[in-house]
Engineer: 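First the structure, then my questions, so here it is.
Naming: A, B, ... by sequence-line order, numbering from 1 per chain. Note that the coordinates shown come from a computational prediction; the quantities given were computed from them, not determined experimentally.
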Amino acid sequence: MGADRDKSADLVQGTLELLILRTLATGEKHGYEIAEWIHTASAEALSVEEGALYPALHRLELRGLLASGWDVSANNRRAKYYRLTPSGRKRLKDVTESLRRSSSAINRVLEAT
Amino acid sequence: MAEWLSSLRQRLNALLRRRQLEQDLHDELAFHVAMREEQLRTSGAIDAHAAARRRFGSVSRVREDLRETWAIAPSVTSLVRDLRYAARTLRHSPAFAAVIILTLGLGIGANTAFFSVVNAVLIRPLGYPDAERLVLLEEGFPQARIERLPFSPLDFEDFRVYQQSFEDVAAYRNVPFELSGGRTPERIMGAKVSPELFRVLGTGSAIGRVFSAGEDRPGVNVAILSWGLWQSRYAAAPSIVGQSIHLDRQPYIVIGIMPAGFVFPRRGPLFNGEPVALWVPIAFTDRERVERGTLHANSVIGKLKAGVSLSEARAELDLLSPRIAANYPPAVRNAGFAPKLFALPFREGISGRYQAPLLMLLAAVGLVLLVACANVANLILSRTAGRTREFAVRAALGARRAQVVQLLLCEALLLSAAGGALGVALAYGTIKTAPAVLTRTVPGLEHLALDFRVLAFTAAVSLATAFIFALVPVPTLDRRTPVDSLRDDSSRATSGVRKVQVQRGLVVLTVSLACVLLVGAGLFIRSFATLVATDTGFRPAQVLTASMTLPRAFYATASSVRTFHESLVRGLSNLPGVRTASIATDLPLTIYEVRAFTTEGLNVLNGARHTTTLTWVHGPYFETLGMTLDRGRFFAAGEHAQNRSVVIVNEKLAALAWPGEDPIGKRLKWGAAGGQAPWLTVVGVIRNVADGPLGEERRIHAYEPFRQLPDFFLDGAPNQFGRDVKAAILADGDLRALAVLVRREISKLDRQLAVDSIRTMDDHVSEVVAPQRFVALLVGVFAAMALLLASVGLYGLLAYTTAQRRKEIAVRMALGAERPTVMRMVIGEGARLVGAGLLIGLLGALAVSRLVASLLYQTGSFDPLVFAIVPGVLGSVTFLACALPAWHATRVEPVSALRTE
């Protein structure tokens, strides 16, 4: 499953997945914070309903890329916080690298003419 | 892998803490909505709460989605939802669904129909309590090279006393009766049975009683009727119990009625295998107790004691055999005529013969289903190409692979359920039209029905097929990325290539399976043809037969029997169109009597007794049946009129008794050399004639004029022996018209005599080979079905690939390629697939045909003719399947094809 899948195929599948991983790279967040960050970082990606974030979050957690814990938030509410696991960090690194590689290839092609 | 494990572990955890999970889901989403609401309120929105909920979307739907994500097994709601969606999708492609349902219906229906045959013959319980403890016992005389026979009266009585392994043993024997009194006399089949029989079978009477111990002595004239006879002849009147009926014109008191559905004996065993309409007690007369080594007519069934295994019983039988042999006169025993007892499970005695062919046929029909599944998988693969966008959207929306698989499975389940339902309907129709002649020969077929066992089988098969063809597309599905498939360009076939490879593989599979079945069909057809062409040793054409039994009460003396014979032969010979008529105790293809004999002049060491089957004849028997004389002559008229102590033997007997010598003039006698029987002189040798199923080895056979049957066998009417009359009539013209005249002639001699059905000898022969014909026919049908399905699948694939290549073909034609070139291209593609399938199929057939070699008659499993013809047949049929799409391909208009792209 994981390791032997085609890396470039995973590239585009789950843009949301990439964004989630990226935002959690800078620290623990709960779902609302993640949504806000993604909204700020790329408005188009979340032109769908906000609720669509949660299935993706939970699937990442099930896959072991994220870990979660319950805590009390800044305004005394019970909230679920997510953080990257080592596998999650690795995945972020792999995906970022292959993105970089293909974009530099495109650049090279563009500059060649 | 690690991800999957992690997901499984967390889900299991969640399963154990369901309430906590629910709470968490609720809290998490509520938190988000609350935060959004606060933020909106702070930035001045009017109805912050509603706005927050709107931006979030449907909370309940997200929660439902999350619940599904965390669930290990699919929830009922998700299944219902997927089933509904699947139904809608299928309704939008009715042609696709119809073809699949039809294909599945055919495959599942054939399997269901055939499994119900296997069920009726091999699996269905016999209907007696503890039937697995029932054992059929037989005697054999290994030294004299006599195979399994029923017991002789004395041997049975000894066995009954000595044995310890069985709770009870009972003897039984088929005996035809003339049932009269009241209505017209009818000929029925009855059985003489030990009183213990009903205890052995664990079944009591429905009305009245069964025989009590001690009723098995001569003079006790009581009878038990079967339910069927009670209904048909006595209108189910309970008052019949206690009244008397007439069997062979003797009064018998009816003491009981057996329950409906009770059948014994059962069809199937070689001896005493005919179901009966009534039972009377078996009673061995003193005459039957006279000698050892004769009258082996009584089959024996026993019920093992609880806890005693069959092998333990067999061990006891090995010990009992010499004890019974010790009771034989020394001369007999020392001549090598010592009995050995055998036992086999009663079920095996009934249907053991059919196990191998039936299982082979079940495997064959399973192959047909496999071909159908492969075709359906192919169709589904073709269709998934058109659904890539749908799957891509689902994936983009976060659908897990498992969810897509669940959807595919729901579609497959719907199709399989419909196919299964259609299959059951088809099977029902097929069973209703099962040929009647087989019901007569194959045991158990009269109970052919779709009982719960069969339906469970159908359900299991349908489920299995659903899984097979639902999961086939799955590997081809995964690799595609959502973005790729959202693009419109269908000429990019990276994932498509893999799919086509799988489809090609499926077509090759179906062709090879069809090839295997075709080879099988060829072998069985060849085997059947060889069997039917076997020289039976006589000429059945234009021979009419009639059988009747002279009731003992009215033919109590030998002279009355002989007078009847004489009058009958005379009367029948004088009928118009009749060339010769004769009667005998039995006709070819059956056995009546087995006897031991000794030949004259051999020293004691070589005086080992032989056994032979024996037929008593009166009149020009051999001439009527067209038997071939090898040496000497047939019986002369004088020898039928007076006892001249002559005998005619067949080649086999002559070769055994007097190897290398001229048998004419040699003498033999029944029994031991020192016995009372007179020496008989051999006056003729005839070619071997078939005594049973055509494929079997011919037996040793002897013929005596009926005149020579000693009077004391017939006088006083001790038993039925010698009173069975089978007439054989050689005539020109229409035998059916003659049958009417024959019946009239018989009633002229004895108005009350009940005559069996009058049939032609050709019918007898045909019935004897009915099972083999059935097998050959079925395998042929299965092979045809498989070939048809494979061809359709091939056609479908080629049509699909050429449709995909329309642009390429158009370009070629625009660049000047001629029609034949294009056709050659397409046909070549098909030919490659067929060739591969043929190769694999022939190799597979070579391997598999060895397994069925035992079922073939004088046909080697590598029969060259069959292996040469099958590729030809397969090739020509599949050529048509290729030619059609090839033709269509050439009809492409280059310009329009290019323009559509």
Engineer: Give, as side chain, backbone, both or neither, the part of B/R36 having an atom under 4.5 angstrom from any heavy atom of chain A.
Structural biologist: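 Both parts, backbone and side chain.
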Engineer: Need one label for B/L8: side chain, backbone, both or neither, based on atoms under 4.5 Å from any heavy atom in chain A.
Structural biologist: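 For B/L8, no heavy atom lies under 4.5 Å from chain A.
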Engineer: What are the residues of residues 76-86 of chain A, in order of number, with any heavy atom under 4.5 angstrom from a heavy atom of chain B?
Structural biologist: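 Only A/R77, A/R78, A/A79, A/K80, A/Y82 of residues 76-86 of chain A have a heavy atom under 4.5 Å from chain B.
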Engineer: Picking from B/V59, B/V62, B/D24, which has the most non-hydrogen pairs under 4.5 angstrom with chain A?
Structural biologist: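 Going by pairs under 4.5 Å, I would pick B/D24.
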Engineer: Which residue in the set B/R67, B/Q406, B/E64, B/E68 passes side chain to side chain donor-acceptor pair (under 3.5 Å) when paired with B/S78?
Structural biologist: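 Result for side chain to side chain donor-acceptor pair (under 3.5 Å) with B/S78: B/Q406.
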Engineer: Would a distance-only check, ignoring hydrogens and angles, find a side-chain to backbone donor-acceptor pair under 3.5 Å from A/T26 to A/T23?
Structural biologist: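 Yes, because the side chain of A/T26 sits within donor-acceptor range (under 3.5 Å) of the backbone of A/T23.
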Engineer: If you look at every heavy atom in B/L40 and B/A51, which pair is closest and at what distance?
Structural biologist: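 Looking at all heavy atoms of both residues, the shortest contact is CD1-CB, 3.6 Å.
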Engineer: Between B/R11 (side chain only) and B/T69 (backbone N and O only), is there a donor and an acceptor less than 3.5 Å apart?
Structural biologist: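 Looks like yes, one N/O pair under 3.5 Å.
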Engineer: Grab the two heavy atoms, one from B/L506 and one from B/A374, that are nearest each other, plus how far apart they are.
Structural biologist: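 Where B/L506 meets B/A374 most closely, the heavy atoms are CD1-O, 3.9 Å.
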Engineer: Checking the side chain of B/S58 only, and the main-chain atoms of B/R61 only, is there a donor and an acceptor separated by less than 3.5 Å?
Structural biologist: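 Yes.
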Engineer: Answer with side chain, backbone, both or neither: which region of A/E33 has an atom nearer than 4.5 Å to a non-hydrogen atom of chain B?
Structural biologist: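 Contact with chain B: none, neither part.
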Engineer: When you measure from the side chain of B/Q10 to the backbone N and O of A/E61, does any donor-acceptor pair fall under 3.5 Å?
Structural biologist: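 It does hold such a pair.
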Engineer: A/S73 versus chain B, heavy atoms under 4.5 Å apart: side chain, backbone, both or neither?
Structural biologist: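 Interface part for A/S73: side chain.
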Engineer: Measure the acute angle between the ring planes of A/Y54 and B/F56, then classify it against the limits of 30° and 60° as parallel, tilted or perpendicular.
Structural biologist: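 Rings of A/Y54 and B/F56: tilted, as their planes differ by 30° to 60°.
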